[in-house]
Asks: 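Once you've had a glance at the structure underneath, I'll fire off some questions.
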Amino acid sequence: MAKKYWLFKSEPNAFSIDDLQNRPGTKTHWDGVRNYQARNFIRDDMRKGDGVLFYHSNADPLAVVGYCEIVKEAYPDHTQFDPDNKHFDPTALQKEPRWFMVDIKLKEKFKHPVTLKAIKENPILKDFRLIQRGNRLSVFPVNKKEWDEILKMGR
DNA sequence: GCCAACGTTGGC
DNA sequence: GCCAACGTTGGC
């Protein structure tokens with residue numbers, strides 16, 4: 001199957017690309033996604049080796065700050081079962097997990113973060129889902145043309 | 001802090 | 001199944 005591409009949003013206050021860089025092996029599990037559309041992308045479509053753009057939301061600057069690779073495919077997000085966790089889901093069943101996560105590994109932190117402003121100004125990226133009206137999904141697919149352009153801008 | 005956009009919940 | 005109320009996201 002052809003390699004696919006994705007974008008993950010993260011608020012750097014909660015988890016930044018530097019936090020990822022400081023993790024052992026520069027890897028992390030991507031927990032806490034609680035939206036069904038995003039869940040379906042994670043559970044059904046993401047494959048080992050797919051590329052992931054790492055975007056800082058609610059931040060300064062707002063920007064794609066690097067890219068990653070999926071190193072482990074979907075498995076149950078343990079935080080849904082943890083009453084002390086912010087993302088606890090009291091209706092999720094152990095035998096039938098509702099929420100899933102993948103593991104990602106940092107490949108490269110961009111020399112030049114690709115700002116939301118620069119993305120909006122680039123005609124090649126005019127259809128990029130990130131800048132579409134009302135886009136609030138924290139996880140969504142990116143096409144190869146967009147992926148290539150973002151990497152070109154960031155490196 | 002504001003607010004538009006959107007998802008979820010729950011009464012009917 | 002409809003829809004009002006509410007909560008969250010996220011740019012500005």
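Naming convention: chains lettered A, B, ... in sequence-line order (proteins, then strands); numbering from 1 in each chain.
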Asks: In whole Å, what is the span from the CG atom of A/N35 to the C1' atom of C/dG10?
Replies: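 My rounded result for the distance is 14 Å.
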Asks: How close do A/I131 and A/K120 get, heavy atom to heavy atom, and via which atoms?
Replies: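 Smallest heavy-atom distance, with atoms named: CG2-CG, 3.7 Å.
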Asks: Given A/I150, which partner from the list A/Y55, A/F128, A/Y67, A/Y5 fulfils the side-chain contact (heavy atoms from CB on, under 4.5 Å) test?
Replies: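 It is A/F128, the one option of A/Y55, A/F128, A/Y67, A/Y5 that forms the side-chain contact (heavy atoms from CB on, under 4.5 Å) with A/I150.
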Asks: If you look at every strand shown and take non-hydrogen atoms under 4.0 Å, does A/K117 touch a base, only sugar-phosphate, or nothing?
Replies: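 No contact at all - A/K117 keeps every heavy atom at 4.0 Å or more from the nucleic acid.
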Asks: I'd like to know if the side chain of A/R34 pairs up with that of A/T79 as donor and acceptor (distance under 3.5 Å, no hydrogens or angles considered).
Replies: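 Yes, A/T79 and A/R34 have a side-chain donor paired with an acceptor closer than 3.5 Å.
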Asks: Whole-Å distance between B/dT8 C1' and A/H87 NE2?
Replies: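 My rounded result for the distance is 17 Å.
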Asks: Can you see if the side chain of A/K9 gets near the phosphate of C/dG11 - specifically, an N or O under 4.0 Å from OP1 or OP2?
Replies: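 For C/dG11, OP1/OP2 do not have a side-chain N/O of A/K9 under 4.0 Å.
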Asks: What are the two closest non-hydrogen atoms of A/S57 and A/P12, and how far apart are they?
Replies: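 Minimum heavy-atom separation between A/S57 and A/P12: O-CD, 3.2 Å.
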Asks: Whole Å only: how far is the CG atom of A/N135 from the P atom of B/dA5?
Replies: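 Rounded to the whole Å, the gap is 13 Å.
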Asks: Within this structure, what is the OH-to-P distance between A/Y36 and B/dC6, rounded to whole angstrom?
Replies: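 Between P of B/dC6 and OH of A/Y36: 20 Å.
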Asks: A/N13 has an atom CG; how far is it from atom P of C/dT8, in whole Å?
Replies: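 Atom-to-atom, A/N13 to C/dT8, this comes out as 17 Å.
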Asks: Give the rounded distance in Å between these two atoms: CZ of A/R133 and P of B/dA4.
Replies: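 For the pair A/R133 CZ and B/dA4 P, the rounded distance is 12 Å.
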Asks: Nearest whole angstrom, please: distance from the P of C/dT9 to the CZ of A/R34.
Replies: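 To the nearest whole Å, that distance equals 12 Å.
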Asks: To the side chain of A/Q37, which of B/dG7, C/dG10, C/dC12 is closest?
Replies: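 The closest nucleotide is B/dG7.
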Asks: To the nearest angstrom, how far is A/L116 atom CG from C/dC12 atom C1'?
Replies: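 Atom CG in A/L116 sits about 11 Å away from atom C1' in C/dC12.
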